[in-house]
There are 4 protein chains.
Amino acid sequence: MRYQRSRLMQERLADNRQRILLSARKLVSEGGFRAAQIAAVATDAGLSTGSIYRYFPSKAELFVEVLGEAVRHEIDILRALVQAPGSAAQRLQRAVESFAGRAFDGPFLAYAFIAEPADQEVDAERIRARRAFGDVFETVLHQGIASGEFPPQNADVAAACIVGAFTEALIGPIGHARGSRQDRGEVIRTISRFCLQAVSGRQEVPAAPGKARRRRA
Amino acid sequence: MRYQRSRLMQERLADNRQRILLSARKLVSEGGFRAAQIAAVATDAGLSTGSIYRYFPSKAELFVEVLGEAVRHEIDILRALVQAPGSAAQRLQRAVESFAGRAFDGPFLAYAFIAEPADQEVDAERIRARRAFGDVFETVLHQGIASGEFPPQNADVAAACIVGAFTEALIGPIGHARGSRQDRGEVIRTISRFCLQAVSGRQEVPAAPGKARRRRA
Amino acid sequence: MRYQRSRLMQERLADNRQRILLSARKLVSEGGFRAAQIAAVATDAGLSTGSIYRYFPSKAELFVEVLGEAVRHEIDILRALVQAPGSAAQRLQRAVESFAGRAFDGPFLAYAFIAEPADQEVDAERIRARRAFGDVFETVLHQGIASGEFPPQNADVAAACIVGAFTEALIGPIGHARGSRQDRGEVIRTISRFCLQAVSGRQEVPAAPGKARRRRA
Amino acid sequence: MRYQRSRLMQERLADNRQRILLSARKLVSEGGFRAAQIAAVATDAGLSTGSIYRYFPSKAELFVEVLGEAVRHEIDILRALVQAPGSAAQRLQRAVESFAGRAFDGPFLAYAFIAEPADQEVDAERIRARRAFGDVFETVLHQGIASGEFPPQNADVAAACIVGAFTEALIGPIGHARGSRQDRGEVIRTISRFCLQAVSGRQEVPAAPGKARRRRA
DNA sequence: CATGAATGAGAATTCATTCAT
DNA sequence: TATGAATGAATTCTCATTCAT
């Protein structure tokens, strides 16, 4: 006797959930966790505060998901690049440039990813995220070391250095790259060369410019 | 008599101010900004909450100064190393290792330095701090490029990469170096080689181990 | 055809109403009023929250009826026992033991009956309920006093004492009888003797054990 | 160098704490836990909501103390009466009448004592309270049984019955004694005789009337 | 008619800042 | 001048009730 939940309804529900996630993401990226109170998220999403709790059990869970969703997407892309054919150096370069490019375009992820959140649960998710990124880079480093492309090195620490390097360069406050005060391609190539030289110990000729096209996030 | 009392008074005032700063710093380093409420700082400093406001106009100003003080100290050390005689590579290496070593030993500075503070004013100070560190490294890079030691590169962005690399490696959550799970010297040498190779494009033979002595912060 | 549908409909309506009452009762008995939110009742009854409001104008009214229904059932049984033939003492004993036995088996009624409800309206119903129980016992007391079986006494207050005595003994927190830590028969006989002696002022020989059979609520 | 906290100050502090407890107690006794929100307590005590938390860590702790304080006071009185010289029956009678008298005068304690609180911690305290009262009566019962004054009986359950009996008679909603619709002495004597006859199985001649004087709580 | 998503008025709690003593 | 008690705005979360579909 249950009424069939109409397709429209289902869409609206999924829609709301997504809108909440987007609003939360937007607010954090614009004003940090400070600016992302439940009430603000609700208003931005066009809902009441109570409705947020229909979709997420708590503020912490909401932001864990915001972070997790962004990270998962990023990791998927990185893993694909890292598993593609090519030398370790090429694959590392592609991964760094791809990541850096998106971070340049939409500083949100990297921002949330650096920020100290107000909540322990979110903090834990942030740690998982950083470790996940590091793991991807560590994989290529190990492959490069094994194949003799890269000299032996502490891949663990080096991977952390890579993550830190472009994080800081792109979104950290001294990242002069902020906005578009510097040429996108130039910044990204600098970062990728930095990382490649760092792990290979060889002078790297940056990939032909113009390949990494600007793409909106 | 009156003069004497006044001098004592002044000393006590200066003393209290310093004690407040130290307590604030200690609390942040131990538990983050979350743990550094005015009341806690006051208790730790052996003063009343009201007294804090005799020395600092607001919580934000207090923490701006906490951060600023720590950074100034660090910058002084770095600048001395950078202005000492030696090749650009040597000076860069010394600066990186010195900074990294202190961060390894006492994660406070680096922590506060990454943390998203509760307050916009503190945030602004954090930006200044990161920029100041970057500037020091940028200086050496420019010198190295000018002297031909380093290939031409975007020194601005590269400096940010350096700061980011060791920040993440040492105190970021994937910094496996946390605690003492990894050998201090090994971690620091990995980082310094990473940075040197990154900017020089040459395989670097790390400095003889044992030179960088452990020192408590 | 239309008539048939209508009858089915009516049956379904009555059915739903009953299911809601049962679910509400079950939830209160298991977790107190705390656990009996409208949404939980609806889920348990296999209906939507909105539907609850088709059958009951408000949460308060629902629980007033839950309580009232349970009490009415209990009162019917008690009245039958009290109007049966026999001495006042016998009838009183039967009533007390019958009530106590059901309370021992299914603490729901007694629980709701003591609990401070979330709502004033339910509170009022609770008062009516207690008064109704008291009235039944008062009736027997009056009869016993009239017949000379019991000494003259304030039947009103004594009836309240009876209700309080077994309520507390059976479900109050010091009612060690909770669960089955004590022998059911023993507890019930103690209570009934307590009440009988209290009103008769004579040593009572408890009824032969084994008469009051355990029955699930 | 600490300023001496003035006696006045100390008095004011102790005063506030006491005022909060009194306000909380008053509100519960008047309108149940429903009416005792932190904001209401604060207003009643002439303080801000925040100030409540200077004196009590949480709402639950506040009400645990409200209940505990009242109970401790009551238990002290009961224990003194129970340990005084005299027969078990006399001591039991004095205890019951004393307790009943105060409950008649100020229904607060007994009310809170029956109410189902909104909070588990308070609930736990309530259970302790009831058990404590029961224990006092159980003690006299055991003594009376040992001395042959009372017939052998389950003292545990009987003690619960006593507590329940006058609780219900006095403050329970069927306690017609509410307000002063019935004569105070008459009600109290009825209760005490009820309890005495219940445990002794003998007709009790109530203590000479006029002895139990009305006293404000 | 049934549904269940949306609402929004509370309620508890925290903590920077003020100010009477 | 130092103190720390008092303040109260801000924030998260709950749940009875309504109403568009």
Side-chain angles (χ1 to χ4, degrees), chain A residues 1-10 12-13 16-17 34 36-42 45-60 62 118-119, chain B residues 9 12-13 16 34 36-43 47-60 62 118-119, chain C residues 9 12-13 16 34 36-43 47-60 62 118-119, chain D residues 1-6 8-10 12-13 16-17 34 36-42 46-60 62 118-119:
Chain A
M1 243 344 145
R2 289 244 155 150
Y3 270 47
Q4 201 65 33
R5 193 184 289 174
S6 77
R7 192 190 309 246
L8 232 71
M9 196 72 136
Q10 277 192 348
R12 184 149 57 84
L13 288 190
N16 280 345
R17 199 166 199 288
R34 258 200 298 296
Q37 308 101 328
I38 288 288
V41 173
L47 291 167
S48 64
T49 58
S51 292
I52 304 293
Y53 289 88
R54 168 167 297 277
Y55 297 94
F56 300 92
S58 72
K59 190 188 182 188
L62 165 58
D119 205 293
Chain B
M9 196 75 129
R12 185 152 55 85
L13 288 186
N16 281 346
R34 264 199 288 287
Q37 307 101 326
I38 288 288
V41 172
T43 300
L47 293 167
S48 64
T49 58
S51 294
I52 304 291
Y53 288 85
R54 168 158 308 278
Y55 299 95
F56 299 90
S58 74
K59 191 190 184 186
L62 165 58
D119 207 291
Chain C
M9 197 73 128
R12 185 152 56 85
L13 289 187
N16 281 346
R34 264 200 288 287
Q37 307 101 327
I38 287 289
V41 172
T43 300
L47 292 167
S48 65
T49 57
S51 294
I52 303 291
Y53 287 86
R54 169 156 308 279
Y55 299 96
F56 299 91
S58 73
K59 192 190 181 186
L62 165 57
D119 207 292
Chain D
M1 242 346 144
R2 291 244 155 153
Y3 270 47
Q4 202 64 36
R5 193 183 289 174
S6 78
L8 231 72
M9 195 73 137
Q10 279 192 347
R12 185 148 56 83
L13 289 189
N16 281 346
R17 198 165 198 288
R34 256 200 300 294
Q37 309 100 330
I38 288 289
V41 173
L47 292 168
S48 65
T49 59
S51 292
I52 303 294
Y53 288 87
R54 168 167 297 276
Y55 298 94
F56 300 92
S58 73
K59 190 188 182 186
L62 165 58
D119 204 294

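So that the names make sense, note that chain A is the first sequence line, chain B the second, and so on, each numbered from 1.
- Rounded to whole angstrom, the span from the CG atom of C:Leu62 across to the P atom of F:dT17 amounts to 10 Å.
- Taking the side chain of C:Leu47 as heavy atoms from C-beta on, and the options E:dT3, E:dA9, F:dT3, the nearest nucleotide is E:dT3.
- Residues that satisfy the salt bridge (charged side-chain N to carboxylate O under 4.0 Å, His left out) test with D:Arg17, not counting sequence neighbours, are D:Glu65.
- Taken from CZ in C:Arg54 to CG in C:Leu47, the straight-line distance is 11.5 Å, to the nearest 0.5 Å.
- The nearest pair of heavy atoms linking B:Gln37 to B:Lys59 is CA-NZ, 4.2 Å.
- The side chain of C:Ser48 approaches E:dT3 more closely than any other nucleotide in the set E:dT3, F:dA16, E:dA12.
- Taking for each of C:Ser58 and B:Thr49 the nucleotide of DNA chain F with the nearest heavy atom, the 5'-most of the two is the partner of B:Thr49.
- Spacing between atom NZ of D:Lys59 and atom P of E:dT13 amounts to 8 Å, rounded to whole angstrom units.
- When rounded to the nearest whole Å, the span between CZ of C:Phe56 and C1' of F:dA16 equals 16 Å.
- Nearest to the side chain of A:Arg54, among E:dA16, E:dA2, E:dA5, sits E:dA5.
- Remark: DNA chain F forms stems of 3 or more consecutive Watson-Crick or G-U wobble pairs, all pair distances under 3.5 Å, at E:2-21 with F:2-21.
- The residue among B:Ala39 and D:Ala39 whose nearest nucleotide of DNA chain E lies closer to the 5′ end is D:Ala39.
- Per the geometry, CD belonging to B:Gln37 stands 17 Å off P belonging to E:dT13, to the nearest Å.
- Distance, A:Ile52 CD1 to E:dG8 P: 13 Å, rounded to whole Å.
- Distance C:Tyr55 OH to E:dT3 C1': 12 Å, rounded to the nearest Å.
- Across all their heavy atoms, C:Ala39 and C:Thr49 have their closest contact at CA-CG2, 3.7 Å.
- As a whole-Å value, the separation of A:Arg34 CZ from F:dT11 P is 12 Å.
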Criterion side-chain contact (heavy atoms from CB on, under 4.5 Å) on A:Leu62 and A:Tyr55, from CA distance to verdict: CA-CA 9 Å; A:Leu62 165 58; A:Tyr55 297 94; over 6 Å; no

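- Where A:Gly50 and D:Ser51 each meet DNA chain E at their nearest nucleotide, the meeting point lying more 5' is that of A:Gly50.
- To the nearest 0.5 Å, atom CD1 of residue B:Ile38 and atom OG of residue B:Ser51 are 11.5 Å apart.
- Among the nucleotides E:dA6, F:dC13, F:dA5, the one closest to any side-chain atom of D:Asn16 is F:dA5.
- One interatomic measurement links the two molecules: CD1 of D:Ile38 to C1' of F:dT7, which rounds to 15 Å at whole-angstrom precision.
- When distances are taken from the side chain of D:Tyr53 to each of E:dT14, F:dT18, E:dT3, the shortest belongs to E:dT14.
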